[in-house]
Amino acid sequence: MNERPITVGLLGCGVVGSGVVQLLTEHAEAIATRVGAPVRLGPVAVRDPQRARDVDLEQLTDDPFAVIADPEVDVVVEVIGGIEPARTLVHRAIDSGRSVVTANKELIANHGPELKALAGEKGARLEYEAAVAGGIPIIKPLRESLAGDRIRRVLGILNGTTNFILTRMAEEQMSFQDALAEAQGLGYAEADPSADVDGHDAASKAAILASLAFDAEVLAEHVHREGIRAVTSTDIDHAARMGYAVKLLGIAEEVDGSINARVHPALVPRTHPLASVRESFNAVFTEGDASGELMFYGRGAGSLPTASAMLGDIVTAARALRAGERPNGQTVTTKPIRPFEEVDVQSYVLLDVADAPGVLAEVASTFGAHGVSIKSVWQEGRADHAQLLLITHRAREAALQATLTDLRGLGSVRDIASVMRVEGEEL
Ligand SMILES: NC(=O)c1ccc[n+]([C@@H]2O[C@H](COP(=O)([O-])OP(=O)(O)OC[C@H]3O[C@@H](n4cnc5c(N)ncnc54)[C@H](O)[C@@H]3O)[C@@H](O)[C@H]2O)c1
Ligand SMILES: N[C@@H](CCO)C(=O)O
Ligand code: NA
């Protein structure tokens with residue numbers, strides 16, 4: 001093969017970056033065959049070029065701007081993370097006609113539209129398979145394999161740390177804090193665990209999935225977000241007894257021409273494929289008119305799984321360069337985003353009540369007064385320690401909130417112990 005090699009410039013060499021270096025080296029021969037030209041590692045920007053590393057790097061610099069300005073570099077791989085300087089670097093790289101491969105969900109979920117538009121204008125590729133569900137192929141399936149179908153809904157377990165915590169709480173009765181500490185020890189959690197447990201990380205990923213599934217501009221700020229801090233072992237136990245698992249879901253739906261995207265804990269029926277996704281695994285479940293139900297499952301994080309997704313993107317960009325393809329920007333439609341209050345959802349409500357005559361009737365009529373229909377009710381305990389567990393049919397979120405306000409005013413309701421959504425139930 002005497003084709004001109006394609007040169008990769010790497011920005012950042014942490015967990016994912018070192019995986020990219022490893023795979024570029026170990027799989028060099030197969031990649032060259034698949035691209036039709038060798039793909040070599042060029043300059044690498046790191047924080048501290050003097051630091052000892054596991055991987056062998058020849059062209060080290062502490063200046064990421066030098067990497068994107070290097071005339072040898074064809075494809076820029078961004079694995080620094082965060083918004084700045086990543087945004088400026090990616091912007092400049094695309095502006096100079098280079099293709100960019102990034103794992104940065106925050107960047108794509110906040111600035112994807114401007115970067116995609118620029119890439120379309122410059123005939124460069126912007127690839128981000130690693131940004132959602134790490135090593136699981138989901139970006140290309142949505143953008144390419146499913147391009148002929150109409151996707152109605154995407155449900156995903158998009159954050160490994162929170163799935164790990166919920167699994168440990170459910171299966172080993174571990175406390176939230178102990179489970180979080182274990183996830184941090186295993187390296188799943190983001191440096192600031194708030195990104196995981198408060199749902200920011202999943203919200204970025206949900207915005208990216210919604211944008212692709214519905215050809216729209218959905219940003220992180222459009223995603224309704226609730227994390228898992230309020231989920232208790234009691235909720236998980238009750239859910240289990242009623243036949244559900246508790247999962248942090250990222251959800252994107254198109255209903256009547258408007259889109260809603262949200263991240264919140266949800267009760268998922270044990271029979272639903274997502275309920276069986278345990279530990280730090282991720283999964284994305286899609287519902288399409290023609291394809292029906294599909295599930296993509298695997299490692300959402302980790303050095304090599306994430307790097308594997310990036311290598312696939314590098315091959316895509318390298319092949320396009322070889323073929324002289326100039327990808328045109330995709331047309332994006334503007335679709336309204338539906339506020340969460342206007343979304344129809346099924347809910348689980350746990351109430352601390354007095355076990356006295358007429359209490360159930362009073363509670364039920366409060367739901368009824370707001371048009372929220374109850375699907376099932378359980379009572380646990382008695383006298384002063386009675387709890388009512390209710391699962392509603394789908395109802396407008398605003399109607400549920402109005403119901404909760406009225407329930408708080410009832411003398412017989414001591415406390416609204418928790419409220420969660422129910423997803424994936426047969427309607
Ligand atoms: N770790 C994962 O499993 C995973 C999975 C999917 C996506 N991602 C995404 O991949 C990206 C990288 O994550 P990571 O886990 O490898 O993080 P990391 O912290 O291990 O690596 C980032 C590296 O960038 C370096 N860096 C920071 N600023 C720099 C600068 N100005 N110039 C050069 N280097 C600089 C840091 O020193 C660090 O080594 C993030 O966007 C993250 O969200 C990570
Ligand atoms: N902290 C993230 C890493 C991948 O984005 C997770 O737990 O899934
Ligand atoms: Na992916």
Side-chain angles (χ1 to χ4, degrees), residues 14-16 81 105-106 133-136 155-206 225-251 262-270 272-283 297-306 348-352 380-381 385 387 389 415-424:
V15 173
V16 181
K105 57 236 150 189
E106 227 187 319
I136 304 175
L155 297 176
I157 293 176
L158 303 174
N159 182 269
T161 302
T162 46
N163 203 50
F164 179 86
I165 293 173
L166 292 171
T167 304
R168 282 286 185 273
M169 287 174 74
E171 296 179 8
E172 287 168 37
Q173 285 71 47
M174 216 183 237
S175 73
F176 171 85
Q177 281 306 339
D178 289 350
L180 171 60
E182 195 181 337
Q184 283 173 316
L186 290 167
Y188 304 141
E190 300 283 323
D192 172 6
S194 163
D196 298 303
V197 298
D198 295 319
H200 297 280
D201 175 75
S204 290
K205 293 165 178 170
R225 177 180 54 77
E226 295 165 38
I228 64 161
R229 287 188 205 265
V231 178
T232 64
S233 313
T234 310
D235 290 322
I236 293 176
D237 288 351
H238 284 325
R241 262 176 288 131
M242 295 184 290
Y244 299 90
V246 177
K247 296 290 177 191
L248 182 71
L249 294 188
I251 300 163
R262 47 200 163 95
V263 167
H264 51 62
L267 273 65
V268 178
R270 207 180 281 133
H272 191 285
L274 283 171
S276 64
V277 178
R278 300 169 54 255
E279 304 281 341
S280 64
F281 281 91
N282 284 22
Y297 168 89
R299 287 268 169 223
S303 180
L304 290 181
T306 309
Y348 147 92
V349 178
L350 177 63
L351 302 174
D352 289 336
E380 302 263 328
H385 295 103
Q387 290 200 306
L389 288 69
D415 186 27
I416 299 178
S418 73
V419 179
M420 276 194 273
R421 319 297 153 190
V422 180
E423 292 291 339

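Everything quoted here is computed from the prediction, not taken from an experiment.
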Leu248 side chain reached by Asn163 side chain, heavy atoms, under 4.5 Å: no
Cation-pi, Phe281 ring and Arg299 (6.0 angstrom, 45 degrees): yes
Tyr244 side, atom OH; Asp235 side, atom CG - distance, nearest 0.5 Å: 14.0 Å
Reported NZ-to-CG distance for the pair Lys247 and Leu158, which is rounded to 0.5 angstrom: 12.5 Å
His272 and Glu423: side chain donor to acceptor below 3.5 Å: no
Side-chain heavy-atom pair Val231, Ile236 within 4.5 angstrom cut-off: yes
Minimal non-hydrogen separation, Asn159 against Asn282, with atom names: C-OD1, 3.8 Å
Closest heavy-atom pair and its distance - Ala206, Gly250: CB-CA, 4.4 Å
Reported OG-to-CD1 distance for the pair Ser280 and Ile157, which is rounded to 0.5 angstrom: 11.5 Å
Closest contact, heavy atoms only, Phe164 versus Ala179: CE2-O, 3.7 Å
Which atom of Tyr297 lies closest to which atom of Ile136, heavy atoms considered: C-CD1, 3.7 Å
No-hydrogen, no-angle side-chain donor-acceptor test under 3.5 Å, Arg270 and Ser276: no
Candidate pair His200 and Arg225, rule side-chain contact (heavy atoms from CB on, under 4.5 Å), full reasoning: CA-CA 7 Å; His200 297 280; Arg225 177 180 54 77; 3.2 Å; yes
Pro193 and Gln184, any side-chain heavy atoms less than 4.5 Å apart: yes
Exercise: do Thr162 and Asp196 side chains pair donor with acceptor under 3.5 Å: no
Value rounded to 0.5 Å, distance of CD1 in Ile165 from CG in Leu180: 4.5 Å
Any pair counted as salt bridge (Lys or Arg N to Asp or Glu O under 4.0 Å), so long as it reaches residues 158-174, sequence neighbours left out: Arg168-Glu172, Arg168-Glu182, Arg168-Glu279, Glu171-Arg278
Thr232 vs Phe176 side-chain heavy atoms within contact, under 4.5 Å: no
Within-4.5 Å side-chain heavy-atom neighbours: Ser175 and Met169: no
Heavy-atom closest contact (Gly424 atom, Pro269 atom, distance): O-CG, 3.6 Å
Lys105 and Asp201: CA distance, side-chain angles, deciding distance, salt bridge (charged side-chain N to carboxylate O under 4.0 Å, His left out) verdict: CA-CA 8 Å; Lys105 57 236 150 189; Asp201 175 75; 3.1 Å; yes
Flag, side chain of Ser303 to backbone of Val15, donor-acceptor distance under 3.5 Å: yes
Validation row: Leu350, His238 side chains within 4.5 angstrom (heavy atoms): yes
Lys205 vs Val263 side-chain heavy atoms within contact, under 4.5 Å: no
Taking every non-hydrogen atom, the tightest pair across Ala189 and Thr161: CA-OG1, 3.1 Å
Test item: Met420 and Glu226 side chains (from C-beta on) under 4.5 Å apart, heavy atoms: no
Trace of the side-chain contact (heavy atoms from CB on, under 4.5 Å) decision for Leu267 with Arg421: CA-CA 6 Å; Leu267 273 65; Arg421 319 297 153 190; over 6 Å; no
